[in-house]
Each structure stands twice: as structure tokens, then as C-alpha cells.
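One structure below.
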Amino acid sequence: MNYTKFVREYCKNNSSTFFDVSKLKDTEFAEVPYKTLLKILNRLEEEGLLKPVSKGVYFIGEKPVDEELIFDEYVDNEKGMFVGYQLFNDVGISDYVDCKIEIYTNNIKAKQKSVGRYLLKRVDLEFDDDIVDLVALLEIIDVGYSMKGCDFMAYKKTVDMLLKSYSDSSFEKIIKAIRYKYSTIKQLSELLEANGIDNNCIDTFENTYKNSIR
């Protein structure tokens, strides 16, 4: 097999997408020795066919990395969601713009990876609507009123709306994938009870982390 031709053809057929070495080395290029693959990628970078965006991640082609491409690769089709201040901006509770944009995604192998100004964190969840709403609620509660640029009225309205998405089954999935502070879970429980929403979130959290709750 002509390895260089093989990799080059892949790049030509997948223009304007990401080439994530950690993912592709064991799938598309399982037959290519790893060191050989890296040498080929360096050569294709010199030729301008690949554009490095972070360690182990290239963009195929000349088009610059933009949010639409990030969304397609790491967020769309239940692959992930924006968190941090990008989430807070999107739901209208903060006007603070962070220089880093955080994403929880199931579409990377490493624990976390930077792609330009995007910080990707691996979270083993299928990000359907219910999971996204409940993760958003937990992220908002976790930061609380210390949030920079917070619109407190919008904060309360958003929390009240997201509380309606709560279910014990979704919470259990999330808490096994993302470790939140006990104080965050306690506040969630208090908010649910104040709104008359049945829940077992404290018991679920304690059973999941019974040997390490601080």
C-alpha cells in the first residue's frame, strides 16, 4: 500500500473537516504505522493540504476554523454542548464574553483538547434535549450568582424553566459522567423541592460518590 497516497486521498475526499489523529489512527488509518502516519501528516502540512489547529488536530483545506465547523464536529447530532460563558450567553443570563469557549463532547478520545480558542472536554453522554437542559441547569447552579455579567432576573427565570426538565434517570446518567460539587447538588435538591418536583438527586449523588463526598 502507498501510505502517502492513501492519506492524501482521504484528505482530498474530506476537505473542510477536521483530521483528529487520535481518532483516525485506529479507524481510517489502522493499517498505517503510527510514526509513518505522523511523517505523512507533517509532509501534507508543509504542502498546505493540512492546517494545524492544535496538537494532533488538523483542518483539511484552506478554510479557517469557525464555529459552524466546531459545532458540526463536536456538538451536532447529540455529540456535545457549549458550556461555560458561551452557554450563559446563549441562554441570556450573562453578557460576559470569555476568551475560551468550552464544549462538553463525546467525540474526542483525550480527556480534553484545545482547538484554537475552543476547549473540548470529553464527557461520556448522549446529548439529547433532556440531558442538555439538565446539564445546563447544573452548570448554571454550579457557578451561581458569582457569574460575571449576570442578569439576575434572567438567571432566576432560566433556572425555573430548566427545573421542569429534571428527571432522576437523566440526573443519574449525568452525575456518573460529570462530577459536580455536593453543594451544587444540595442546591438543586432545594430548588426542586421548592417547585414541588419529586427527586432523589441527593441519594443518587451520595450513592455514586459515597466514599468521596467532601
Side-chain angles (χ1 to χ4, degrees), residues 1-90 97-136 139 170 172-179:
M1 177 187 292
N2 185 323
Y3 293 137
T4 300
K5 181 179 179 181
F6 182 42
V7 177
R8 191 189 302 278
E9 285 300 314
Y10 175 87
C11 292
K12 288 181 178 178
N13 293 332
N14 291 273
S15 182
S16 298
T17 64
F18 289 106
F19 192 116
D20 188 329
V21 179
S22 65
K23 287 169 55 182
L24 294 176
K25 69 182 179 65
D26 297 321
T27 54
E28 297 288 340
F29 304 110
E31 297 179 14
V32 182
Y34 183 58
K35 288 185 178 179
T36 301
L37 177 61
L38 294 181
K39 289 179 181 178
I40 294 170
L41 296 178
N42 286 336
R43 191 178 309 134
L44 296 182
E45 180 187 342
E46 290 173 1
E47 293 177 9
L49 187 57
L50 295 175
K51 177 183 177 183
V53 291
S54 70
K55 186 177 181 180
V57 179
Y58 298 85
F59 181 75
I60 303 172
E62 296 298 327
K63 188 177 178 181
V65 176
D66 60 28
E67 185 165 304
E68 183 179 348
L69 295 168
I70 294 287
F71 184 86
D72 290 345
E73 183 75 7
Y74 300 111
V75 178
D76 199 19
N77 293 322
E78 301 185 358
K79 292 194 291 284
M81 64 180 288
F82 292 104
V83 291
Y85 279 94
Q86 182 66 51
L87 167 66
F88 306 151
N89 297 159
D90 290 345
V97 178
D98 201 342
C99 60
K100 273 285 183 184
I101 298 177
E102 294 182 60
I103 295 174
Y104 288 161
T105 180
N106 57 35
N107 201 33
I108 58 172
K109 286 193 171 183
K111 287 186 178 180
Q112 68 178 45
K113 181 187 294 288
S114 291
V115 179
R117 66 190 184 117
Y118 297 90
L119 177 61
L120 312 172
K121 297 182 179 180
R122 177 167 179 82
V123 174
D124 294 316
L125 287 170
E126 293 299 319
F127 289 88
D128 59 30
D129 290 343
D130 291 337
I131 293 292
V132 167
D133 283 351
L134 188 47
V135 170
E139 293 289 315
S170 292
E172 185 173 5
K173 291 176 186 176
I174 291 167
I175 211 65
K176 287 179 178 178
I178 307 170
R179 177 68 186 269

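Note that this is a predicted model, so its numbers are computed, not measured.
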- [ ] In sequence, state the C-alpha distance, the side-chain angles, and the governing distance for F6 and Y3, and then conclude on ring-ring contact (aromatic ring centres under 6.0 Å, His included).
- [x] CA-CA 5 Å; F6 182 42; Y3 293 137; 7.8 Å; no
Side-chain heavy atoms of [X] within contact of [Y], under 4.5 Å:
| X | Y | answer |
| --- | --- | --- |
| I108 | S22 | no |
| K111 | R122 | no |
| N107 | K23 | yes |
| Y58 | F18 | no |
| I40 | L44 | yes |
| Y85 | L87 | no |
| F88 | D98 | no |
| K109 | D26 | yes |

So, taking the atom named [atom1] in [X] and the one named [atom2] in [Y], what distance separates them when rounded to the nearest 0.5 Å?
| X | Y | atom1 | atom2 | answer |
| --- | --- | --- | --- | --- |
| F82 | T105 | CZ | OG1 | 10.5 Å |
| D76 | L69 | CG | CG | 12.0 Å |
| F59 | C11 | CZ | SG | 11.5 Å |
| N42 | L37 | CG | CG | 9.5 Å |
| Y74 | D20 | OH | CG | 5.0 Å |
| F19 | E28 | CZ | CD | 9.0 Å |

Please name the pair of heavy atoms, one in [X] and one in [Y], separated by the smallest distance, quoted to 0.1 Å.
| X | Y | value |
| --- | --- | --- |
| P52 | E45 | CG-OE2, 3.4 Å |
| G61 | S15 | CA-OG, 4.5 Å |
| N14 | T17 | O-OG1, 2.6 Å |

Enclosure of [X] [atom1] (heavy-atom neighbours >12, cutoff 6.0 Å):
| X | atom1 | answer |
| --- | --- | --- |
| N13 | CG | yes |
| K55 | NZ | no |
| K39 | NZ | no |
| Y34 | OH | no |
| E31 | CD | no |

TODO: Report the residue from V83, I70, L119 that forms a side-chain contact (heavy atoms from CB on, under 4.5 Å) with I103.
DONE: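 Exactly one pass, corresponding to I70.
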Task: Criterion side-chain contact (heavy atoms from CB on, under 4.5 Å) against L125, the qualifying member of K173, M81, K79, K176 - done: K173
Open item on the list: Looking only at the side chains, is there a donor atom on one of D90 and Q86 sitting less than 3.5 Å from an acceptor on the other?
Closed with: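 Short answer, yes.
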Open item on the list: Between N106 (side chain only) and E78 (backbone N and O only), is there a donor and an acceptor less than 3.5 Å apart?
Closed with: yes
